[in-house]
Q: 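Have a look at this one before I ask anything.
Not measured: the values here are computed from a predicted model. Numbered from 1 within each chain, the chains take letters A, B, ... in sequence-line order.
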Amino acid sequence: MRFSRMHLPTLKEVPSEAEVISHRLMLRAGMIRRLAAGIYSYLPLGLLALRNVEEIIRQEMNRAGAQEVLLPAVQPAELWQESGRWDFYGKELLRIRDRHQRDYCFGPTHEEVITDLIRHEVRSYRQLPLNLYQVQTKFRDEIRPRFGLMRGREFIMKDAYSFDIDDAAAGLSYQAMRDAYTRIFSRCGLNFRAVEADSGAIGGSFSHEFVVLADSGEDAVASCQSCEYAANVEKAESRFIAVKATSPDPDAAPPLEVATPDCESIEAVAAFFGVAPDKTVKSMIFESDLGFCMVVVPGDCEVNEIKVKAALGAEWLEIPASARVADELGLPVGYLGPLNVTIPLLIDRQVPQLGEIICGANRAGFHLKGVFWGRDFSSRQIVDLVQVKAGDPCPRCGSLLQIDRGIEVGHIFKLGTKYSEKLNATFLDQEGKERLLVMGCYGIGVGRTVAAAIEQNYDENGICFPYAIAPFKVALLNLDLKSEEVTAYCESLYQELQSRGISVIYDDRNERPGVKFKDADLIGVPLRLTLGRKGYKRGVLEARRRKGSINEELPLDDRAPLWSLLAELAADD
RNA sequence: CGGGAUGUGGCUCAGCCCGGUAGAGCACUGCGUUCGGGACGCAGGGGUCGGAGGUUCAAAUCCUCUCAUCCCGACCA
């Protein structure tokens with residue numbers, strides 16, 4: 001591609017909308033433009049990167065035995081009502097109505113559609129296993145879209161669905177996808193982890209997330225420093241080290257109410273009493289479809305809502321507004337405690353071993369001290385309710401866990417028969433018995449993968465694309481358009497690069513050299529070739545790698561070193 | 001949905017408190033000079049100040065409503 005002909009509007013200044021680095025660079029590099037909140041146009045450069053990721057995905061999916069399809073973006077409400085998700089999915093489901101007032105949605109995912117398709121097509125175990133995938137635009141009406149392509153509402157996703165005869169076979173399909181994903185993200189040049197994860201709204205029994213490690217990531221990943229254990233903190237557990245519960249001295253005084261004005265946080269309470277936060281407990285009110293409950297965890301821990309939801313067996317869970325807690329329960333948020341409450345109590349497993357603790361008095365401005373588990377309060381529900389912290393013991397090996405931030409780029413789920421049951425998708429097995437299809441689903445955020453690659457590969461001059469997904473592998477800068485020799489050489493090299501199938505951007509613009517250097521750096525081209533009058537006279541072509549900014553001089557009359565340099569670059573990433 | 005903020009040429013922003021002629025830089029057009037890390041000079045084009053209503057002789061500026069966007073929390077590829 002000739003730079004002079006390409007629509008590549010690079011920006012010197014950063015539009016104020018951009019917060020994270022990938023978003024800023026994608027705007028500056030002329031890859032994307034925002035149309036509305038969480039909705040972006042892809043410009044030529046952005047689309048090239050996207051297509052490169054898609055191509056890697058297609059190759060690896062096909063290699064893993066999956067077949068590409070394309071499912072409708074707009075889906076009838078009936079299907080979603082049948083699966084039960086029309087009501088369950090909530091406001092993220094963009095519902096639309098046609099001229100006949102029939103309800104539809106813009107697909108946020110395609111389990112319903114694919115299951116519907118398959119239930120009409122698959123009759124026999126002989127047709128299985130089957131894995132179908134698509135690369136498609138989806139829409140989820142996120143509450144707060146942000147970070148450009150990282151969390152858009154409209155986004156491009158590769159989603160695959162597998163169908164098997166039983167759990168064992170489904171496990172093989174799952175493993176095949178796990179391997180394919182590992183190859184995909186490796187080929188994209190990403191530093192990532194496959195971690196155990198919560199299966200969320202999609203449902204199902206088992207799932208792994210593929211997380212690209214980056215400080216700007218929205219997810220936190222706990223991983224063991226010694227063994228292979230890695231999990232999303234939403235899911236992560238730590239090994240529970242049981243200590244004999246300290247029972248109170250039989251003569252210990254009963255709880256004492258102490259006035260603690262303006263102590264609505266654990267920090268404030270701990271400071272007020274001059275104790276460490278782990279000598280206090282944190283009590284929080286949650287509301288779910290099953291009603292209110294109080295969750296009690298050690299003061300230095302954070303409540304993990306997913307664990308709370310699981311412990312309750314609730315469909316949904318939220319933290320009610322303080323005013324609502326006061327109105328409905330008569331309890332003062334900021335001064336809550338587990339004594340004498342009428343709603344169900346959920347106690348974290350660590351609480352019984354804390355010994356003497358301080359907690360809220362359920363009276364605004366007062367806390368209780370000298371409180372003991374078992375004597376002053378108790379509960380039948382004692383489970384793991386806290387988020388793991390760095391330094392907690394690994395659940396597998398007991399070594400230390402570390403916490404990293406990351407970007408979820410892929411997620412694979414074992415769905416089991418959740419959807420086949422709802423939608424009655426069955427087949428006849430070898431004995432002629434009707435059985436439910438066992439499903440799995442596998443997603444990759446394509447745009448997010450590009451964004452994640454940028455988060456992991458940039459410097460002060462712009463993007464440093466991994467070779468595999470770089471929109472252009474080579475930037476050829478002609479610094480002296482007026483020189484016929486220089487231009488002739490550049491033209492011939494440009495032709496040869498193209499004929500060798502190496503995607504190249506030839507900067508033939510009538511611009512000053514500085515502009516060309518800056519643009520080539522900004523758009524992240526792995527290899528920059530520069531030729532000006534001086535270099536031509538010396539018979540050398542300047543080659544500079546984007547990563548590491550290494551300069552090399554290549555002979556003009558022998559192109560072999562260039563081809564080996566390119567081969568080396570391709571192999572490195 | 002709660003909390004905070006912002007809407008002024010294509011982009012980044014000043015002007016608003018204290019009402020009176022709409023500004024700068026970048027980008028764009030023309031001419032000239034320049035030419036190995038985002039050049040310079042001269043001359044230009046481009047803005048219903050997010051929208052609606054109100055107060056006022058007079059509103060970008062004050063008031064009300066509304067829309068949009070962004071940032072902080074709970075959901076997700």
Side-chain angles (χ1 to χ4, degrees), chain A residues 9-20 23 27-28 33-39 57 89-93 108-110 135-160 181 197-202 207 209-212 218-219 232 234 286-287 303 305-306 309 316-324 407-413 441-452 461-462 477-483 510-522 528 530-535 542 544 549 551:
Chain A
T10 58
L11 264 33
K12 270 197 235 182
E13 283 171 301
V14 196
S16 56
E17 66 190 78
E19 183 74 2
V20 297
H23 188 195
L27 287 167
R28 282 195 57 208
R33 289 292 183 262
R34 194 184 64 86
L35 176 65
I39 301 178
I57 291 172
Y89 211 93
K91 282 175 252 178
E92 291 204 353
L93 188 62
T109 175
H110 284 70
V135 177
Q136 225 237 19
T137 296
K138 309 219 187 283
F139 195 95
R140 290 183 194 170
D141 201 355
E142 294 277 344
I143 301 163
R144 186 151 90 85
R146 61 186 133 172
F147 301 153
L149 293 196
M150 224 117 95
R151 184 195 282 259
R153 295 145 89 203
E154 185 176 296
F155 58 99
I156 297 173
M157 182 174 164
K158 186 285 306 181
D159 50 327
Y181 273 41
D198 182 69
S199 45
I202 307 280
S207 87
E209 276 173 3
F210 286 77
V211 177
V212 170
E218 293 186 88
D219 283 17
N232 190 305
E234 291 177 347
F286 283 87
E287 186 179 10
V303 174
E305 290 188 34
I306 292 184
K309 201 165 135 187
W316 56 268
L317 181 77
E318 61 186 35
I319 299 174
S322 303
R324 216 173 120 67
I407 302 159
E408 180 188 357
V409 290
H411 203 154
I412 58 178
F413 301 82
C441 82
Y442 318 93
I444 293 179
V446 179
R448 188 182 276 190
T449 300
V450 173
N461 291 314
L477 310 196
N478 179 344
L479 294 194
D480 208 336
L481 288 159
K482 285 183 196 131
S483 155
N510 184 20
E511 285 287 354
R512 297 162 60 85
V515 174
K516 299 189 180 189
F517 291 138
K518 289 288 183 193
D519 275 340
D521 284 350
L522 178 60
R528 188 180 81 197
T530 307
L531 188 63
R533 197 174 314 200
K534 287 180 218 159
E542 179 183 298
R544 183 182 172 97
S549 302
N551 273 333

Q: When you measure from the side chain of A:R34 to the backbone N and O of A:I39, does any donor-acceptor pair fall under 3.5 Å?
A: no

Q: Have a look at A:V409 and say if it touches a base, only the backbone sugar-phosphate, or nothing, with a 4.0 Å heavy-atom cut-off.
A: sugar-phosphate

Q: Can you tell me which nucleotide in B:rA77, B:rA39, B:rU69 comes closest to the side chain of A:R512?
A: B:rA39

Q: Is it the case that the side chain of A:R28 and the backbone of A:L11 share a donor-acceptor pair, with hydrogens and angles ignored and the cut-off at 3.5 Å?
A: yes

Q: Classify A:I407 by what it touches in the nucleic acid, base, sugar-phosphate, or nothing, heavy-atom distance under 4.0 Å.
A: nothing

Q: Separation of A:R33 atom CZ from B:rU69 atom P, in whole Å?
A: 18 Å

Q: Over all strands shown, is A:R28 touching base, sugar-phosphate only, or nothing at heavy-atom distances under 4.0 angstrom?
A: base

Q: Rounded to the nearest angstrom, tell me the gap between atom CG in A:N510 and atom P in B:rU33.
A: 13 Å

Q: Give the rounded distance in Å between these two atoms: CD1 of A:I306 and C1' of B:rC76.
A: 10 Å

Q: Taking atom types as they are modelled, is there a donor-acceptor pair under 3.5 Å from the base of B:rC35 to the side chain of A:R533?
A: no

Q: Working note: A:I444 + A:F210, criterion side-chain contact (heavy atoms from CB on, under 4.5 Å); need CA distance, chi angles, decisive distance, verdict.
A: CA-CA 9 Å; A:I444 293 179; A:F210 286 77; over 6 Å; no

Q: Within the 4.0 Å limit for protein heavy atoms, which parts of nucleotides 5-15 of chain B are touched? Write it as a string from 5' to 3', B for base, S for sugar-phosphate only, - for none.
A: ------BSS--

Q: Check every atom of B:rC72, B:rC75, B:rG37 against the side chain of A:R144 and return the nucleotide holding the closest atom.
A: B:rC72

Q: Take the protein atom NZ of A:K516 and the nucleotide atom C1' of B:rU34, then report the distance between them rounded to whole Å.
A: 15 Å

Q: Base, sugar-phosphate or nothing for A:G410? Non-hydrogen atoms, less than 4.0 Å.
A: sugar-phosphate

Q: Could you tell me which nucleotide pairs with B:rU34 by Watson-Crick or G-U wobble geometry, both distances under 3.5 Å, or answer none if nothing does?
A: none

Q: For the backbone of A:E408 and the side chain of A:R448, can you confirm whether one donor and one acceptor N or O come within less than 3.5 Å of each other?
A: yes

Q: Suppose we define a pair by two distances each less than 3.5 Å, Watson-Crick or G-U wobble; what does B:rU61 pair with here?
A: none

Q: For the P atoms, the ones on B:rC16 and on B:rA52, what distance do you get once it is rounded to whole angstrom?
A: 24 Å

Q: For B:rA27, which nucleotide is its Watson-Crick or G-U wobble mate, given both distances must be under 3.5 Å?
A: none

Q: Picking from B:rG38, B:rC71, B:rC76, which would you name as closest to the side chain of A:R151?
A: B:rC76

Q: Of A:E234 and A:R528, whose closest RNA chain B nucleotide lies nearer the 5' terminus?
A: A:R528

Q: Partner of B:rA22 by Watson-Crick or G-U wobble geometry, both contacts under 3.5 Å, or none?
A: none

Q: Would you say A:R146 places a side-chain N or O within less than 4.0 Å of OP1 or OP2 belonging to B:rC72?
A: yes

Q: State which of B:rU69, B:rG38, B:rG36 makes the closest approach to the side chain of A:V515.
A: B:rG38

Q: Indicate, with a heavy-atom threshold strictly under 4.0 Å, whether A:K482 touches base, sugar-phosphate, or nothing.
A: base

Q: Quantified in whole Å, what is the C1' atom distance between nucleotide B:rU48 and nucleotide B:rC42?
A: 32 Å

Q: Measure from the side-chain heavy atoms of A:R34 and tell me the nearest of B:rG36, B:rC70, B:rC26.
A: B:rC70

Q: Considering every strand and a 4.0 Å limit on heavy-atom distances, what is the contact class for A:D480: base, sugar-phosphate, or nothing?
A: nothing

Q: Per the side chain to side chain donor-acceptor pair (under 3.5 Å) rule, what does the pair list look like for residues 145-158 of chain A, sequence neighbours excluded?
A: A:D141-A:R153, A:E142-A:R151, A:R151-A:E218, A:K158-A:Y181

Q: Does OP1 or OP2 of B:rC75 have a side-chain N or O of A:K91 closer than 4.0 Å?
A: no

Q: In whole angstrom, give the distance that lies between atom CG of A:D141 and atom P of B:rA77.
A: 16 Å

Q: Any idea which of B:rC76, B:rU34, B:rG37 is nearest the A:D219 side chain?
A: B:rC76

Q: State whether A:R140 places a side-chain N or O below 4.0 Å from either non-bridging phosphate oxygen (OP1 or OP2) of B:rC76.
A: no

Q: Would you confirm whether A:S207, through its side chain, and A:A197, through its main-chain N or O, come within 3.5 Å as a donor-acceptor pair?
A: yes

Q: Heavy-atom nearest nucleotide on RNA chain B for A:L317 versus A:E209: which residue maps closer to 5'?
A: A:L317

Q: Who is the Watson-Crick or G-U wobble partner of B:rU48, with both distances under 3.5 Å?
A: none

Q: Between A:R528 and A:E542, is the side-chain contact (heavy atoms from CB on, under 4.5 Å) condition met? List the steps.
A: CA-CA 8 Å; A:R528 188 180 81 197; A:E542 179 183 298; 3.8 Å; yes

Q: When we call it a touch if two heavy atoms are under 4.0 Å apart, what does A:R544 touch: a base, just sugar-phosphate, or nothing?
A: base

Q: Using a heavy-atom cut-off of 4.0 Å across all strands, would you classify A:G152 as base, sugar-phosphate, or nothing?
A: base

Q: Output one line per pair: protein atom, nucleotide atom from nucleotides 22-24 of chain B, and distance, for all N/O pairs under 3.5 Å.
A:
none

Q: Using atom NE2 of A:H411 as one end and atom P of B:rC75 as the other, report the distance to the nearest whole Å.
A: 14 Å

Q: For side-chain contact (heavy atoms from CB on, under 4.5 Å), just list the numbers for A:I407 and A:F147, CA-CA rounded to whole Å, side-chain angles, deciding distance to a tenth of an Å, and then say yes or no.
A: CA-CA 12 Å; A:I407 302 159; A:F147 301 153; over 6 Å; no

Q: Would you kindly give the NZ-to-C1' distance between A:K518 and B:rG36, to the nearest whole Å?
A: 13 Å

Q: Checking contacts here: which listed nucleotide (B:rA77, B:rG38, B:rG36) is nearest the side-chain heavy atoms of A:E408?
A: B:rA77

Q: Is it true that atom CZ of A:R533 has more than 12 heavy atoms of other residues, nucleotides or ligands lying nearer than 6.0 Å?
A: no

Q: My understanding is that a pair needs two contacts under 3.5 Å, Watson-Crick or G-U wobble. By that rule, which nucleotide pairs with B:rA68?
A: B:rU6

Q: Look at all strands and tell whether A:D159 reaches a base, only sugar-phosphate, or nothing, counting heavy atoms closer than 4.0 Å.
A: nothing

Q: Which part of the nucleic acid, if any, lies within contact of A:E511, taking any heavy atom under 4.0 Å across all strands shown: a base, the sugar-phosphate backbone alone, or nothing?
A: nothing

Q: Report the C-alpha distance between A:T530 and A:K516 in whole Å, list the side-chain angles of each, state the deciding distance to 0.1 Å, and finish with yes or no for side-chain contact (heavy atoms from CB on, under 4.5 Å).
A: CA-CA 10 Å; A:T530 307; A:K516 299 189 180 189; over 6 Å; no

Q: Does the side-chain ring of A:F517 lie flat on the base of B:rG36, meaning centres under 5.5 Å and planes less than 30 degrees apart?
A: no

Q: Tell me the partner of B:rG73, counting only Watson-Crick (N1-N3 plus N6-O4 or O6-N4) or G-U wobble (N1-O2 and O6-N3) with both under 3.5 Å; none if nothing fits.
A: B:rC1

Q: What's the gap between B:rU64 and B:rU55 when it is taken at their P atoms, as a whole Å value?
A: 15 Å

Q: Report the base-pairing partner of B:rC16 (Watson-Crick or G-U wobble, both distances below 3.5 angstrom), or none.
A: none

Q: Please enumerate all residues that pass side-chain hydrogen bond (donor to acceptor under 3.5 Å, both in side chains) together with A:R144, with sequence neighbours excluded.
A: none

Q: With sequence neighbours left out, write down each residue that passes salt bridge (Lys or Arg N to Asp or Glu O under 4.0 Å) with A:E287, or none if nothing qualifies.
A: A:R324

Q: For A:L93 and B:rC76, what is the distance between atoms CG and P respectively, to the nearest whole Å?
A: 14 Å

Q: Can you list the residues that meet the side-chain hydrogen bond (donor to acceptor under 3.5 Å, both in side chains) rule with A:E511, with sequence neighbours excluded?
A: none

